[in-house]
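Here's the structure, in structure tokens; my notes come after.
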There are 2 protein chains.
Amino acid sequence: MADVAQRAGVSPSTVSRTMRGLSTVSPETRARVEKAARELSFSISRSASSLVTGRTGRVAVLVPNLESWFLGAALAGMAPALAEAGMDMLVYSVTTPEERAHFFDHLPARRNADALLVVSFALSPGERARLDDLGIPLIFVSQHEEHRASVYVDDAEAALRGTRHLINLGHRRIAYLEPADPSGFAWSSRARLDGYRTALAEAGIEHDEELVRQVAQWQGPVLDAAVGRLLSMAAPPTAIFAETDDIAFRLLTVLRGANVRVPDRVSVLGFDDHAMAAAWDLSTMAQPVRRLGREAAELAHAVIGDPEANLERHVVLPVELVPRGSTGPAPRSPVAGGA
Amino acid sequence: MADVAQRAGVSPSTVSRTMRGLSTVSPETRARVEKAARELSFSISRSASSLVTGRTGRVAVLVPNLESWFLGAALAGMAPALAEAGMDMLVYSVTTPEERAHFFDHLPARRNADALLVVSFALSPGERARLDDLGIPLIFVSQHEEHRASVYVDDAEAALRGTRHLINLGHRRIAYLEPADPSGFAWSSRARLDGYRTALAEAGIEHDEELVRQVAQWQGPVLDAAVGRLLSMAAPPTAIFAETDDIAFRLLTVLRGANVRVPDRVSVLGFDDHAMAAAWDLSTMAQPVRRLGREAAELAHAVIGDPEANLERHVVLPVELVPRGSTGPAPRSPVAGGA
DNA sequence: CTGAAAGCGCTAACAT
DNA sequence: ATGTTAGCGCTTTCAG
């Protein structure tokens, strides 16, 4: 910076002011400084400026993994918003118990970022408390936390509307597949299940606990067994609502393998609008995932810029039904096994 | 840090030495300092240490987007390796032309990271040159660059082996679907196509340029048309090799919609072993994507630690055939249209 | 093995 | 509108 100052014939302060775009620099001086900076291909050292301003120009993002479409899309929503605000994105992928222990022990984000975005991450009370120790604003994404900024969708409302869609198609026996998450990593809410139940009640359909089944989110033969159970009931479901598209995809595979026609015999409704949902012709409740990320990033920026900002703001985004080929009218005789 | 020093009754220097794990600290002193640090929940300010050491403790990753499974998996491979080395991961997702211009104009990674990992990013010559201006080691991932550290797979060898697999199943008319990438973002190699051709030549199969078709990677009706073209040839293919699993998935959807049985009438082979390949029962050439990321991260760490390190090291990882249900023996009469 | 002092590159008063 | 000065919190000589 001193070099630039010398070359432009000004003081370091002026260079600093120019680089930060302060208006208190005369146009001519600014031009001269910018030219010198370009010639020396100078760019500011954030380390040095952080040291004095206390701001790092970085936002940290905590995610339970990086391979899921959902998290990728959320990050994809944040990235441009942060870049626009001139902030860098620090990603902490904390998946295994060891990584988890390490992250919460050392809090590497401390003094290293101006805010932390926690995305779909199930926290223990102790971990939750540790995050408060970070001393930077926390923003929860795709999950809500009392007394903290959060950006999420209204799961109950969405599940309510999805279930209504099935009911409107004439379905009365509607199963619900929810993820069993033994790892305890991804944050999940009971809200979707509540919405499903509300819709049934609303339509005067008797709730049958047998129709709600837990399945492993990612793999394992548990899903086959669950589907087998459902299909072998005296009054089998004519529609299945999967809590996530990932489950719906696997469900479709199992049904296809078992020669159960979709949607002729069973309708399938997912949740997320995964990038591949269209290819699978899966009807689903579409979450605005990228927007979730973007709103979170913008909220972070706002909070960082203004310490007086409301640290408890909740942003709730809408979910829309995207009807595709996997949902259709209920078969005339739900109990009939034939095609 | 001064607080910790005071509390432990030592000088700041000693605290610094302790925190960095230097061996020149007596065990008792170390214990005392660590205790004090814990009590004050002190953690070091990277900004301050960077300022004097010149090292940031961060690695930057440049990716063309964040929503693809491939990039997510690559990042997932890097994250633990970097965390273990005590480094943070800065992610730059550069997708639109505006983002692109901004990134290469301002080089936000400059003075902000100790190395840059470039993942599957097609660079113009000018952009390539700009990256050298960064003044930090460059490591190319899933692409190779002369005279620069690179981590990638042997695409030609992999495509050769994949094509051989189809030939071994009795196929003689083998089509090849390659991505047409108008955006110019994803880096793709001609090596796979070369491997395909080599295998055909090796088996004495005459090459038919009509069997090689370009299709949009992500969407659009172009794929339908390409498949239509292939299926309406006088001697249609009995197998189709897709350059990526993403294309293969869409191909399978089109074939299913057209009631073309896989693999009875047409075998389909993909490339990547996408997370969803198993669910689609897609045979594919599996890339070790996470490992690609991990090796790149380790290489970065090695290069950062030792300025004398070989900056041109190339790491080539193996690709394995994962045979699943989408490939099978060629039908007896390839020209017959019936099931 | 430990401490004292200088300074990394920048910004924030305060002058001018 | 611009220059001067004094640190920000750490690491690194150099002494002891």
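Lettering of chains follows the sequences in order, A, B, ..., and the numbering in each one begins at 1.
- Atom CE of Met19(B) is separated from atom P of dT2(C) by 16 Å (rounded to the nearest Å).
- For dT11(D), the OP1/OP2 oxygens have no side-chain nitrogen or oxygen of Thr53(B) closer than 4.0 Å.
- What separates CG of Asp3(A) from P of dC10(C) is a distance of 9 Å, to the nearest Å.
- Comparing dT11(D), dT11(C), dG3(C) by their closest approach to the side chain of Ile44(B) singles out dT11(D).
- The nucleotide whose nearest atom lies closest to any side-chain atom of Ala48(A) is, among dG9(C), dT11(D), dT5(D), dG9(C).
- Rounded to whole Å, the distance from CZ on Arg46(A) to P on dC8(D) is 23 Å.
- No donor-acceptor pair closer than 3.5 Å links the side chain of Glu67(B) to the backbone N or O of Gly72(A).
- The side chain of Val10(B) lies closest to dG3(C), out of dG3(C), dT2(C), dC10(C).
- When distances are taken from the side chain of Val52(A) to each of dG3(C), dT12(D), dT11(C), the shortest belongs to dT11(C).
- Here dC8(C) is the nucleotide among dC8(D), dC8(C), dG3(D) with the atom lying nearest to any side-chain atom of Leu51(B).
- Other residues, nucleotides and ligands contribute over 12 non-hydrogen atoms within 6.0 Å of the CZ atom of Arg128(A).
- The separation between Arg30(A) atom CZ and dT2(D) atom C1' is 13 Å, rounded to whole Å.
- At whole-Å resolution of the value, CZ in Arg17(B) and P in dT11(D) are 11 Å apart.
- Between dC10(D), dG9(C), dG3(C), one nucleotide has an atom nearer to the side chain of Ser45(B) than all others, and that is dC10(D).
- When each of dA4(C), dC10(D), dA12(C) is scored by its nearest atom to the side-chain atoms of Ser49(B), the top-ranked nucleotide is dC10(D).
- The side chain of Val25(B) lies closest to dT2(C), out of dT2(C), dT11(C), dT12(D).
- Contact between the side-chain N/O atoms of Ser26(B) and the OP1/OP2 oxygens of dT2(C) is found at a separation under 4.0 Å.
- Contact annotation for Thr24(B): base contact, defined as any heavy-atom pair under 4.0 Å involving a base atom.
- More than 12 non-hydrogen atoms from other residues, nucleotides or ligands lie less than 6.0 angstrom from CD of Glu39(B).
- As judged by a 4.0 angstrom heavy-atom cut-off over every strand, Thr29(B) is placed among residues touching the sugar-phosphate backbone only.
- Rounded to whole angstrom, the span from the CZ atom of Arg20(B) across to the C1' atom of dT12(D) amounts to 8 Å.
- For Met1(B), taking side-chain heavy atoms from C-beta onward, the closest of the listed nucleotides dA12(C), dC10(C), dT11(D) is dT11(D).
- Between the side chain of Arg32(B) and the main chain of Ala8(B), a donor-acceptor pair closer than 3.5 Å is present.
- Between dT11(C), dA5(C), dC10(C), one nucleotide has an atom nearer to the side chain of Ser13(B) than all others, and that is dA5(C).
- In this entry the distance linking CZ of Arg110(A) with C1' of dG9(D) reads 15 Å, nearest Å.
- Rounded to a whole Å, the CZ atom of Arg55(A) is 19 Å from the C1' atom of dG9(D).
- Along DNA chain C, the nucleotide nearest to Ser11(B) and the one nearest to Arg111(B) differ in position, and the one closer to the 5' end is contacted by Ser11(B).
- Judged by distance alone, with hydrogens and angles left aside, the side-chain atoms of Arg111(B) form a donor-acceptor pair with the main-chain N or O of Ser43(A) at under 3.5 Å.
- When atom types are taken as modelled, the side chain of Asn65(B) and the backbone of Thr95(B) share no donor-acceptor pair closer than 3.5 angstrom.
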